[in-house]
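For reference, the structure is listed below as structure tokens.
This chain uses plain numbering: 1 for the first residue, then up along the sequence.
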Amino acid sequence: MVADDPPSVDPVDPADPGRAAFSDPVIPGAVNLRDVGGLRAGTTTTRYGVLFRSGNLARIGAKGGKALAGLGLRRIIDLRADDEVARDPSRIGGLDVVTQRVPLFVGSVDSFFRDDLTLDEMYRLIVDESSDGVVAVVRGILADHPALVHCTAGKDRTGVTVALTLAAAGVDADEVVADYARTEALLPARRNRYVVALIRSLHPRAVNVEDLVARSPAPVMRALLADVEDRYGSAADYLRTHGLADDEIAELRRVLLRRDA
């Protein structure tokens with residue numbers, strides 16, 4: 001079934017009859033991978049099987065590749081910088097997908113630790129300095145879906161981009177925030193310990209290392225969405241300001257939201 005032909009009936013969550021019940025895809029070797037379907041958007045919800053988000057795809061073996069192929073992806077959008085891609089190339093050679101590179105950081109990943117930014121400061125930089133990239137991601141999702149958006153951990157670049165995309169489509173703010181906040185529980189503790197120790201060895205005076213590596217606090221995303229609303233009017237207006245047309249916003253809502261509400 002293609003993304004433009006959604007199922008008419010989704011399984012219902014017995015604990016919440018207004019919400020469909022699906023489990024996160026299990027992709028061996030993938031980090032923090034999930035479907036953003038089932039999020040409330042006024043009287044409807046986001047569709048399953050249309051937009052996925054994750055961390056890097058560098059450790060997917062044969063089983064992971066087969067499972068990833070089962071998602072029916074048509075486009076994978078990689079938000080990582082050139083050095084990250086060179087160090088950990090995605091293992092998706094067997095997939096028949098469009099691959100799109102949209103490096104989202106201005107500067108290097110290391111610079112955020114060197115400058116000891118807070119999550120709030122980093123996310124404001126993404127919104128302010130990578131708007132062209134965010135718009136490019138939205139257009140990529142519209143061009144080919146199902147689509148997967150990912151960075152290294154699937155937390156910050158992916159988190160901000162997907163949050164703005166969902167909010168622009170009309171997803172309730174509480175749902176956008178909750179989806180972002182899920183990342184903290186999905187990042188492996190062993191990975192977090194290793195990366196935190198490595199970064200601290202390189203930047204011993206930095207105080208925000210754990211937040212930058214492993215945290216996705218709901219108040220941070222709530223504050224970001226409120227800031228975008230204060231400055232632009234809405235996430236959709238943010239995208240419009242940076243070049244997305246009204247018909248593209250309408251198409252985003254058509255693509256992401258269920259039509260049987």
Side-chain angles (χ1 to χ4, degrees), residues 1-55 57 60 63-77 92 95-98 100 137-151 154-155 158-183 185-186 216 221 235 248-261:
M1 182 172 293
V2 298
D4 289 333
D5 184 21
S8 58
V9 178
D10 288 334
V12 172
D13 181 350
D16 185 355
R19 187 188 298 270
F22 279 83
S23 300
D24 290 329
V26 177
I27 311 295
V31 178
N32 189 22
L33 191 149
R34 60 191 186 270
D35 189 330
V36 299
L39 303 180
R40 294 192 190 280
T43 60
T44 187
T45 57
T46 51
R47 291 164 52 191
Y48 283 93
V50 176
L51 178 59
F52 299 85
R53 55 176 294 179
S54 76
L57 306 174
I60 293 178
K63 289 184 179 179
K66 183 177 181 180
L68 194 63
L71 299 182
L73 297 175
R74 295 176 60 194
R75 180 174 295 243
I76 294 177
I77 306 173
I92 56 173
L95 293 182
D96 182 18
V97 296
V98 174
Q100 178 182 358
V137 171
V138 173
R139 285 182 169 147
I141 294 167
L142 295 180
D144 295 299
H145 45 274
L148 168 66
V149 179
H150 79 90
C151 53
K155 182 172 84 72
T158 299
V160 171
T161 303
V162 169
L164 291 171
T165 301
L166 293 173
V171 175
D172 298 356
D174 286 347
E175 296 282 271
V176 176
V177 170
D179 176 69
Y180 162 80
R182 286 190 65 203
T183 286
L186 294 175
S216 57
M221 182 52 66
E248 292 175 301
I249 296 290
E251 178 68 0
L252 180 67
R253 291 170 178 163
R254 188 194 71 80
V255 165
L256 290 185
L257 302 184
R258 288 171 55 93
R259 303 174 215 158
D260 55 353

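- Panel note: side chain T158, backbone C151; a donor-acceptor pair is recorded below 3.5 Å.
- Between D144 and R139 there is no salt bridge, since no side-chain N of the basic residue sits under 4.0 Å from a carboxylate O of the acidic one.
- Between T165 and T161, the shortest heavy-atom contact is OG1-O, 2.8 Å.
- With sequence neighbours left out, R253 forms a side chain to side chain donor-acceptor pair (under 3.5 Å) with no residue at all.
- Atom OH of residue Y48 and atom CZ of residue R258 lie 9.5 Å apart, to the nearest 0.5 angstrom.
- With contacts defined as side-chain heavy-atom distances shorter than 4.5 Å, the pair V97/R74 does not qualify.
- Counting only distance, with no hydrogens or angles, the side chain of T45 and the backbone of R40 share no donor-acceptor pair below 3.5 Å.
- How far CD1 of I77 is from CZ of R53: 13.5 Å, rounded to the nearest 0.5 Å.
- The minimum heavy-atom distance between G159 and Y180, with the atom names listed, is CA-CD1, 4.3 Å.
- Taking 4.5 Å as the limit, some side-chain heavy atom of V177 sits within range of a side-chain heavy atom of M221.
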Validation: residues 30-39 side-chain donor-acceptor distances under 3.5 Å, sequence neighbours left out:
{"unit_1": "N32", "atom_1": "OD1", "unit_2": "R34", "atom_2": "NH1", "d": "2.6"}
{"unit_1": "N32", "atom_1": "ND2", "unit_2": "A153", "atom_2": "O", "d": "3.1"}
{"unit_1": "N32", "atom_1": "ND2", "unit_2": "G154", "atom_2": "O", "d": "3.2"}
{"unit_1": "N32", "atom_1": "ND2", "unit_2": "T183", "atom_2": "OG1", "d": "3.2"}
{"unit_1": "R34", "atom_1": "NE", "unit_2": "D179", "atom_2": "OD1", "d": "3.3"}
{"unit_1": "R34", "atom_1": "NH1", "unit_2": "T183", "atom_2": "OG1", "d": "3.4"}
{"unit_1": "R34", "atom_1": "NH2", "unit_2": "D179", "atom_2": "O", "d": "2.6"}
{"unit_1": "R34", "atom_1": "NH2", "unit_2": "T183", "atom_2": "OG1", "d": "3.2"}
{"unit_1": "D35", "atom_1": "OD1", "unit_2": "G37", "atom_2": "N", "d": "2.8"}
{"unit_1": "D35", "atom_1": "OD2", "unit_2": "G49", "atom_2": "N", "d": "2.8"}

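- Residues that satisfy the side-chain contact (heavy atoms from CB on, under 4.5 Å) test with A168, not counting sequence neighbours, are A235, A236, L239, L252.
- Across V149, V50, L148, V162, a single residue satisfies side chain to side chain contact (heavy atoms under 4.5 Å, CB included) together with I141, and that is V149.
- Between L51 and P146 there is no side-chain heavy-atom pair separated by less than 4.5 Å.
- Partners of D174 by side chain to side chain donor-acceptor pair (under 3.5 Å), not counting sequence neighbours, listed by chain and number: R222.
- Here the CD1-CD1 distance, from I76 to I92, works out to 4.0 Å after rounding to the nearest 0.5 Å.
- Two residues are said to be in side-chain contact when any heavy atoms from C-beta on lie closer than 4.5 Å; L142 and R254 fail this criterion.
- Among residues two or more places apart in sequence or in another chain, the side-chain contact (heavy atoms from CB on, under 4.5 Å) test is passed with A181 by A218.
- Expressed to the nearest 0.5 Å, how far CD1 of I27 lies from CG of L57 amounts to 9.5 Å.
- For the pair A41 and L257, the tightest heavy-atom approach, listed with the atom from each and the gap, is CB-CD2, 3.7 Å.
- Here the CZ atom belonging to F52 is positioned 4.5 Å from the CG atom belonging to L71, to the nearest 0.5 angstrom.
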task = Please lay out, stage by stage, how D24 and R182 fare under the test side-chain contact (heavy atoms from CB on, under 4.5 Å).
result = CA-CA 12 Å; D24 290 329; R182 286 190 65 203; 2.5 Å; yes
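- Rounded to the nearest 0.5 angstrom, L166 CG and E175 CD are separated by 10.0 Å.
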